[in-house]
Amino acid sequence: MKTLEQIGAELQGYDPQALSAEAVGEFLARLVQPLDQHETIDLTDALDRVLANDIVSPLSVPPHDNSAMDGYAFDGAQLRAERPLELEVVGTALAGKAWQGTVGAGQCVKIMTGAIMPPGCDTVVPQEFTQPAAEGRVAVPPGLLRAGDNRRRKGEDLTEGLPALRRGERLTPAACGLVASLGIARVAVARRPRVAYFSTGDEILSLGQAPREGAVYDSNRYTVRGLLARLGCELIDLGVVRDEPVQLEAAFRRAAAEADAIITSGGVSVGEADYTKAMMRQLGDVAFWRIAMRPGRPMAVGRITQGERSAVLFGLPGNPVAVMVTFLAFVRPALLRMMGTRAEPPVLLKARSAEPMRKKPGRTEYQRGIVSTLADGSLQVRTTGNQGSGVLSSMVQANGLIVLHHAQGNIDAGDEVDVMMFDGVI
Ligand code: AMP
Ligand code: MG
């Protein structure tokens, strides 16, 4: 396990007091390693888990050539461009009940979607394409079909012996269905990261406490909880911890003993006259960063150690929007990495800004945006208004973050900007 100093030395121009958002990502990719512990669970419980091994298809899907339509199966070599093809119906093939006979020239079999293609047949004319013909016969009009139409090939979805899904893949609803289509009921998945989280600050009230002057209710624990739950982490809620050495030490020690990662909020800014930073320093290897970004400038990162165990620490700022933005920008990719899945950079959409935005080059800014589709189909984005880092309602109104990159300057109305949508993340 590398120390923060070692990781810092690997990165060019690492300066904890002036870090670009990009450099933070690179640092965390070195600090956080996959957990590398597996368990085998029922597919029913596997949604959003991460595959620990490749899944190799034990069979082909579909297992036979079969019909994609309700209609009539026949040998497509008989089709002619200039005249209808009249066929005698010699039997019926049902899904799950194959036609056993042989189909000769001038013959066809009535076939249902999913039924095995009878031997000698490679083409299906859909029921609705056929034209009336004498009793027991159908006519296929010319020009509508080519040989091989409406036949699904054996193995066109998955091929026996080839990997259907790769290790590190997250089991989305589609992936769960794919695993089931292979007849596989149990899957080996990476252990879920256990994440302990607490809020710090003497002015922070827990729900149920009476309001008092100068105090605010703890919202961070609820946003963090939701963001962690969306990722499928195991949650250890350590509540609000007062800015007091004994309580802080107990919380950090317990978190390091039980969790893989610790997320705190508050108490990491420069002017902070409290014990949080001192306790982080005392119990682990922790760096205090000033990140060139807005919101979310101060952040503590490192490891807290308790006996043989250690947990990665993300000491997030206190401001509610800064908590969410730093989580999305840094903590989420790091936890995905811990889960053993690829933390691919989020897909950014391009939208035209409905308004000018002030932006200083030399830092990354995340503005809360509302993206909408204009009549011509193009995307437009406007901000939610007040972009204060404490204005949590802006995160509720927004459907994405406008990402104004490090080098970007002021934005004019009509300029294209990048947007990271919230879908499925928030
Ligand atoms: P700090 O980073 O501790 O200086 O806090 C910055 C701002 O965020 C202050 O206005 C705090 O009151 C506020 N804040 C800190 N923690 C929380 C929390 N858990 N819930 C809501 N607001 C918070
Ligand atoms: Mg504070």
Side-chain ion pair, Arg352 and Asp415, N-O less than 4.0 Å: no
Neighbour count above 12 (heavy atom, 6.0 Å) for Arg212 CZ: yes
Check against salt bridge (Lys or Arg N to Asp or Glu O under 4.0 Å), Arg152 and Asp65: CA-CA 6 Å; Arg152 301 173 181 151; Asp65 285 8; over 6 Å; no
Under 3.5 Å donor-acceptor, Arg337 side chain and Val32 backbone: yes
Inter-residue atom distance Thr326.OG1 - Asn319.CG, 0.5 Å rounding: 10.0 Å
Note: Arg166-Asp54 ion pair, threshold 4.0 Å (strictly below): yes
Check ion pair Arg363-Glu365 (N to O, under 4.0 angstrom): yes
Considering all heavy atoms, the nearest Pro295-Tyr366 contact: CD-O, 3.6 Å
Check ion pair Arg309-Asp260 (N to O, under 4.0 angstrom): yes
N-O pairing of Asp36 and Arg191 below 4.0 Å: no
From CA spacing to verdict: side chain to side chain contact (heavy atoms under 4.5 Å, CB included), Arg49, Glu39: CA-CA 11 Å; Arg49 301 295 295 270; Glu39 55 187 328; 2.6 Å; yes
Arg382 CZ: over 12 foreign heavy atoms closer than 6.0 Å: no
Intermediate values then yes/no, side-chain hydrogen bond (donor to acceptor under 3.5 Å, both in side chains), Glu169 and Thr341: CA-CA 6 Å; Glu169 200 126 10; Thr341 191; over 6 Å; no
Worked verdict on Glu156 versus Val61 for side chain to side chain contact (heavy atoms under 4.5 Å, CB included): CA-CA 7 Å; Glu156 71 175 19; Val61 180; over 6 Å; no
Between Ser378 and Asp376, a side-chain donor and acceptor under 3.5 Å: yes
Heavy atoms of other groups near Glu5 CD, more than 12 under 6.0 Å: no
Rounded distance [0.5 Å steps], OG1 in Thr276 versus CZ in Arg242: 11.5 Å
Basic-acidic side-chain contact under 4.0 Å: Asp122, Arg151: no
Ser206 backbone acceptor or donor facing Asp218 side chain under 3.5 Å: no
Lys/Arg-Asp/Glu bridge criterion (N-O < 4.0 Å) met for Arg221, Asp237: yes
Side-chain donor-acceptor pairs under 3.5 Å in residues 10-18, sequence neighbours left out?
from  : atom 1 : to     : atom 2 : distance (Å)
Glu10 : OE1    : Arg30  : NE     : 2.6
Glu10 : OE2    : Lys2   : NZ     : 3.0
Tyr14 : OH     : Trp289 : NE1    : 2.8
Asp15 : OD1    : Gln17  : N      : 2.9
Gln17 : NE2    : Phe288 : O      : 3.3

Flag, side chain of Ser353 to backbone of Glu355, donor-acceptor distance under 3.5 Å: yes
Centroid separation Phe314 to Phe327 less than 6.0 Å: no
Under 3.5 Å side-chain donor-acceptor pair for Asn220 and Ser199: no
Enclosure of Arg332 CZ (heavy-atom neighbours >12, cutoff 6.0 Å): yes
Test item: side-chain donor near acceptor, Ser394 and Gln387, under 3.5 Å: no
Where at least one partner belongs to residues 285-297, residue pairs that pass salt bridge (Lys or Arg N to Asp or Glu O under 4.0 Å), sequence neighbours excluded: none
Partner residues of Asp423 under the side chain to side chain contact (heavy atoms under 4.5 Å, CB included) criterion, sequence neighbours left out: Met421
Short side-chain to backbone donor-acceptor contact, Asn150 and Val124, under 3.5 Å: yes
Polar contact flag, side-chain donor to acceptor under 3.5 angstrom, Arg253-Gln306: yes
